[in-house]
Amino acid sequence: MKNRLKVLRAERNWTQADLAARLDVSRQAINAIETGKHDPLLPFALRIARQFGLPVEAIFGED
Amino acid sequence: MAGLMRKFYSPLSCDLLFAGAGLAGAVGLVVDVTRSYPAIAPSAGIAKGAALVGAVVAAAVLAMLTTRFDRRHADDFVFHTLTRSAFTAMFTTLFALAIWQVAFVTRLGGVSSYATIGVMVVSWSLAYFATRLRGTGA
């Protein structure tokens, strides 16, 4: 699934480790989502959206 | 406690755990593949069957509880990796043993229970690293 995680993260000058710490997950989890290797489950996707203050659809989209 | 759980369920910890288990399983298969359990007592039939069913039910309950524990403490990515690789490992084990039955059993003999466990452990280790590298997506 496509996502704008990397772009949104860069806009806020956050590293992957920064975002991982904010979401209480591993840095590898953030990297896996950004590289398309992992699609988060809905609860986690909602937490990501809440972190960025955006709707889920603004971050994740279909291929 | 929370910090300890986070470290235990970190991707690096899982990598080390599966690498160690896979290596131990592979070494065990190579070194001690001929070990087998004692022969089944002929009169144990129904009692053994009932005990086996009970053991499977108890193991299933334990597996469900540990899965819930994993879900609570592992992050999304780690949990997905573990479950997807376990699913793949289950079929890898079945296929490996089926292939053995078809192609090797007459020449090399059957696979003991110990060896079957070794096959499962190595299968899960391989599946874990394949999932880790390829990701949890389709």
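For the numbers below, each heavy atom of this structure counts, side chains included, while hydrogens, waters and symmetry mates do not. Proteins get letters first, then strands, A, B, ... in listed order; numbering begins at 1 in each. Nothing here was measured: the structure is a model prediction, and the numbers come from that model.
With contacts defined as side-chain heavy-atom distances shorter than 4.5 Å, the pair B:His80/A:Leu41 qualifies.
Atoms CG and CD1, on B:Asp76 and A:Ile48 in that order, are 8.0 Å from each other to the nearest 0.5 Å. Once rounded to the nearest 0.5 Å, the distance linking OG1 of B:Thr131 with NE2 of A:His38 reads 12.0 Å. Interatomic distance, OG1 of B:Thr81 versus CD of A:Gln28, reported as 10.0 Å (0.5 Å rounding).
Cluster annotation: B:Met120 and B:Leu82 are assigned to distinct hydrophobic clusters (Ile/Leu/Val/Met/Phe/Trp/Tyr, side-chain heavy-atom contacts under 4.5 Å, transitive). Note on B:Phe8 and B:Phe69: same hydrophobic cluster, where clusters join Ile, Leu, Val, Met, Phe, Trp and Tyr whose side-chain heavy atoms are under 4.5 Å apart, directly or indirectly. B:Ile117 and B:Met90 end up in different hydrophobic clusters when Ile, Leu, Val, Met, Phe, Trp and Tyr side chains are linked at under 4.5 Å. Grouping the Ile, Leu, Val, Met, Phe, Trp and Tyr side chains by contacts below 4.5 angstrom, directly or via other members, places B:Ile99 apart from B:Leu29. Placement of B:Phe95 and B:Trp100 in two distinct hydrophobic clusters is found when ILVMFWY residues are connected by side-chain heavy-atom separations under 4.5 Å, directly or transitively.
What you find for B:Asp75 and A:Ala29 is that their closest heavy atoms are OD2-CB, 3.8 Å.
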